[in-house]
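In what follows, chains are A, B, ... by sequence order, proteins preceding strands, each numbered from 1. Just so it is clear, the values below take in all heavy atoms, side chains as well, and ignore hydrogens, waters and symmetry mates.
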Amino acid sequence: MTRVRFAPSPTGYFHVGSARTALFNWLFARHTGGVFLLRIEDTDVERNREEHVDGIISAMAWLGMAPDEAIERQSARTERYRVAIDALWEAGFLYACDCTRDEVEARTADRATPGYDGYCRARGLAREGRALRYRTPDDGVTVVEDLIRGRIEFPNRAMEDFVAVRSDGKPLFVLANVIDDRDMQITHVVRGEDLLPTTPKGILLWRALDEAAEGEAGWGEVTPLPAWAHLPMLVNEQGKKLSKRRDPVAVELYREQGYLPEAFRNYLALLGWSPGGDREKVGLDVLVAEFRLEDVHHAPARFDVQKLAHLNGEYLRELPVDEFVARSRPWTVPEEEAAAGRWVPGAAAGAPFRPPWPPERFDEAVFVRMAPLVQERVTRFEEVPGMVDFLFLADPELDERSWQKAIAADADGARALLEGAIAAYQGCEWAPDDLKAVTLAVGESAGRKLAKAQAPIRVAVTGRTVGPPLFESLAVLGRAEVVRRLAAAVERLSAGTGS
RNA sequence: GGCCCCAUCGUCUAGAGGCCUAGGACACCACCCUCUCAAGGUGGAGACACGGGUUCGAACCCCGUUGGGGCUGCCA
């Protein structure tokens with residue numbers, strides 16, 4: 001039975017690199033029929049924030065990756081760490097050190113290999129109140145057998161005596177990590193490549209813990225080493241490791257923009273891995289069936305929002321219309337959704353998203369009629385309100401550039417056309433096909449083809465030169481309102497505003 | 001500096017010695033479709049970093065060079 005864990009530290013929002021690591025762990029667990037754990041590594045009390053734990057959990061739930069067992073927290077395991085540290089100390093693997101960083105640097109400034117110089121090794125300092133260093137071997141190599149990269153050798157002499165325990169008695173990342181992996185019987189450690197250099201330290205500690213277990217320290221059991229798999233980094237445009245500070249990589253941000261979790265997950269899976277052949281857009285079943293750590297890439301991958309957006313558009317378009325409408329609700333009726341206790345964009349950041357229209361003017365029945373046309377024109381839900389706002393606003397929000405281009409640039413022609421449309425629309429059948437035919441005729445008498453004839457009407461009614469198909473829009477909006485807006489445009493033209 | 005990792009179109013990738021005249025996707029360009037915008041269709045441009053080996057044969061194996069990246073905290 002395989003057991004894997006995703007072990008984030010809640011020191012910032014949940015970012016795409018972490019999400020990818022979580023996903024690969026999760027896929028591996030599902031593929032092998034194993035267990036997927038979530039372990040919150042919150043030993044650094046100064047940097048950890050509880051809200052970030054919530055962010056991790058909700059983002060994982062959004063992506064459909066719930067842990068299979070209760071969430072573990074390092075902060076709840078201090079007693080366990082204490083026992084392990086005692087055992088390591090008693091077995092002689094650790095020594096106390098009171099050097100400051102400045103002191104070490106001063107002593108080693110002219111050396112070829114910087115790092116701790118072993119100054120306190122033989123000083124026999126008492127343990128209390130001091131950092132504890134692990135005494136690394138002077139020669140030999142520590143081998144990491146990596147499922148993705150193969151055998152990697154680290155010369156022990158290049159590894160300094162690293163601090164394993166802080167002066168306050170708490171274990172540092174590597175130690176806590178190893179103790180946890182042993183206790184939780186982790187069989188495969190799947191994590192980012194940035195952790196590769198600390199892996200030999202973990203192996204050294206793991207073996208030390210094994211030895212301590214066989215001694216008289218009363219510590220745990222001898223535990224087989226897990227297999228390692230170091231995933232290639234996710235990098236930014238400059239090829240650097242994604243950074244929470246520099247790069248816009250919060251998973252929550254993508255959710256708020258209206259990416260579908262299934263699309264986001266699919267895209268994430270494509271970063272450093274491929275289902276093989278020409279396949280890209282694949283369902284969860286294929287992801288799970290095909291995922292193998294051995295097939296994971298070695299080279300870093302760039303996160304490409306454009307490709308994500310395209311993939312999202314594909315997923316969006318294949319949604320049944322009623323589902324598209326339902327899943328648009330956080331962006332069309334966020335107040336209602338929030339009142340029902342459901343997720344809405346922006347809420348986490350304290351600035352809930354609001355569509356441009358007053359809530360009471362939104363009419364889902366009207367939206368449903370337009371939905372199929374909207375669906376094939378957006379790549380993210382965030383774009384939905386802007387596609388249909390003219391239907392729910394008392395007056396369309398007039399885009400000045402559109403007005404200039406389609407109306408003001410040829411004021412006389414536009415006036416003639418708008419007036420022609422007003423007249424024609426008064427008595428015609430009110431359905432898309434009829435409106436199209438009527439508009440075509442109005443255009444012909446004004447010497448314009450349909451493309452040119454519809455432009456002023458579109459701007460007058462919707463406020464913009466681009467949008468969903470015009471005649472369907474007119475049909476949905478209704479005769480009276482369309483005529484009113486056309487007349488308003490003519491009046492605006494006469495008043496000379498917007499020129 | 002030291003240790004480690006990496007290297008196929010701009011980007012994500014297919015490719016496990018002959019199937020490669022290197023395939024797909026995003027982005028880009030052109031055309032078609034078309035009431036705008038999209039979507040869709042067709043076509044185009046576009047890569048095995050370089051140099052040595054090994055082999056009858058190398059994008060694939062080995063070595064080196066170059067170039068990128070990671071780590072080098074009493075952070076994780």
Could you give the distance separating [M] and [N] at their [atom1] atoms, to the nearest angstrom?
N: rC50(B); M: rA45(B); atom1: C1'; answer: 25 Å
N: rU8(B); M: rA25(B); atom1: C1'; answer: 15 Å
N: rG17(B); M: rC48(B); atom1: C1'; answer: 15 Å
N: rC56(B); M: rC12(B); atom1: P; answer: 37 Å
N: rG24(B); M: rC9(B); atom1: P; answer: 16 Å
N: rA39(B); M: rC32(B); atom1: C1'; answer: 14 Å
N: rU65(B); M: rA76(B); atom1: P; answer: 37 Å
N: rU21(B); M: rC28(B); atom1: P; answer: 31 Å

Candidate nucleotides [options], ranked by approach to the side chain of [X] - the nearest:
X: Leu196(A); options: rC5(B), rC35(B), rA76(B); value: rC5(B)
X: Ala158(A); options: rC75(B), rC3(B), rC35(B); value: rC3(B)
X: Thr43(A); options: rU11(B), rA76(B), rC4(B); value: rA76(B)
X: Leu195(A); options: rA76(B), rC35(B), rA7(B); value: rA76(B)
X: Leu470(A); options: rC35(B), rC12(B), rA76(B); value: rC35(B)
X: Ser274(A); options: rU11(B), rC26(B), rU13(B); value: rU13(B)
X: His310(A); options: rC74(B), rC12(B), rC26(B); value: rC26(B)
X: Glu280(A); options: rU36(B), rC12(B), rC75(B); value: rC12(B)
X: Arg458(A); options: rU36(B), rC3(B), rC26(B); value: rU36(B)
X: Pro197(A); options: rC71(B), rA76(B), rC5(B); value: rC71(B)

TODO: Test Lys405(A) against Asp410(A) for salt bridge (Lys or Arg N to Asp or Glu O under 4.0 Å), laying out the working first.
DONE: CA-CA 8 Å; Lys405(A) 187 176 161 197; Asp410(A) 176 11; over 6 Å; no
Hey, is [X] close enough to [Y] for a salt bridge, meaning N to O under 4.0 Å?
X: Glu103(A); Y: Arg101(A); value: no
X: Arg401(A); Y: Asp399(A); value: no
X: Arg5(A); Y: Asp180(A); value: no

Go ahead and name the base partner of [N]; Watson-Crick or wobble counts if both distances stay under 3.5 Å, otherwise write none.
N: rA49(B); result: rU65(B)
N: rG1(B); result: rU72(B)
N: rA16(B); result: none
N: rC28(B); result: rG44(B)
N: rA38(B); result: none
N: rA22(B); result: none
N: rU54(B); result: none

With a 3.5 Å cut-off and heavy atoms only, can you find an N or O donor on one side and an acceptor on the other between the side chain of [X] and the base of [N]?
X: Arg47(A); N: rC75(B); answer: yes
X: Glu193(A); N: rG70(B); answer: no
X: Arg377(A); N: rU36(B); answer: yes
X: Ser167(A); N: rC74(B); answer: yes

Task: Side-chain N,O (Arg317(A)) to OP1/OP2 (rA39(B)) below 4.0 Å - done: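 No, Arg317(A) has no side-chain N/O under 4.0 Å of OP1/OP2 on rA39(B).
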Open item on the list: Using OP1 and OP2 only, check whether a side-chain N or O of Lys307(A) sits under 4.0 Å from rU11(B).
Closed with: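 So the side-chain polar atoms of Lys307(A) never come under 4.0 Å of the phosphate oxygens OP1 or OP2 of rU11(B).
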- [ ] Sort out for me which residue in Glu383(A), Arg377(A), Glu382(A) forms a side-chain hydrogen bond (donor to acceptor under 3.5 Å, both in side chains) with Thr379(A).
- [x]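 Result for side-chain hydrogen bond (donor to acceptor under 3.5 Å, both in side chains) with Thr379(A): Glu383(A).
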TODO: For Asp278(A) and rC20(B), give me the distance from atom CG to atom P, rounded to whole Å.
DONE: 13 Å
Task: Nucleotide rC75(B), atom C1' - distance to CZ of Arg191(A) in whole Å - done: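 Answer to the nearest Å: 15 Å.
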Under 4.0 Å, counting only non-hydrogen atoms across every strand here, what does [X] touch: a base, just sugar-phosphate, or nothing?
X: Gly467(A); result: base
X: Ser9(A); result: sugar-phosphate
X: Glu41(A); result: sugar-phosphate
X: Glu472(A); result: base

TODO: Determine the interplanar angle of the Phe303(A) and Tyr254(A) rings, folded into 0 to 90°, and report it as parallel if under 30°, tilted if 30 to 60°, perpendicular if over 60°.
DONE: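 Rings of Phe303(A) and Tyr254(A): perpendicular, as their planes differ by over 60°.
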- [ ] Look at the aromatic rings of Phe291(A) and Trp273(A) and report parallel, tilted or perpendicular, splitting at 30° and 60°.
- [x] tilted
Open item on the list: Ignoring hydrogens and geometry beyond distance, is a side-chain donor-acceptor pair present between Ser243(A) and His15(A) at under 3.5 Å?
Closed with: no
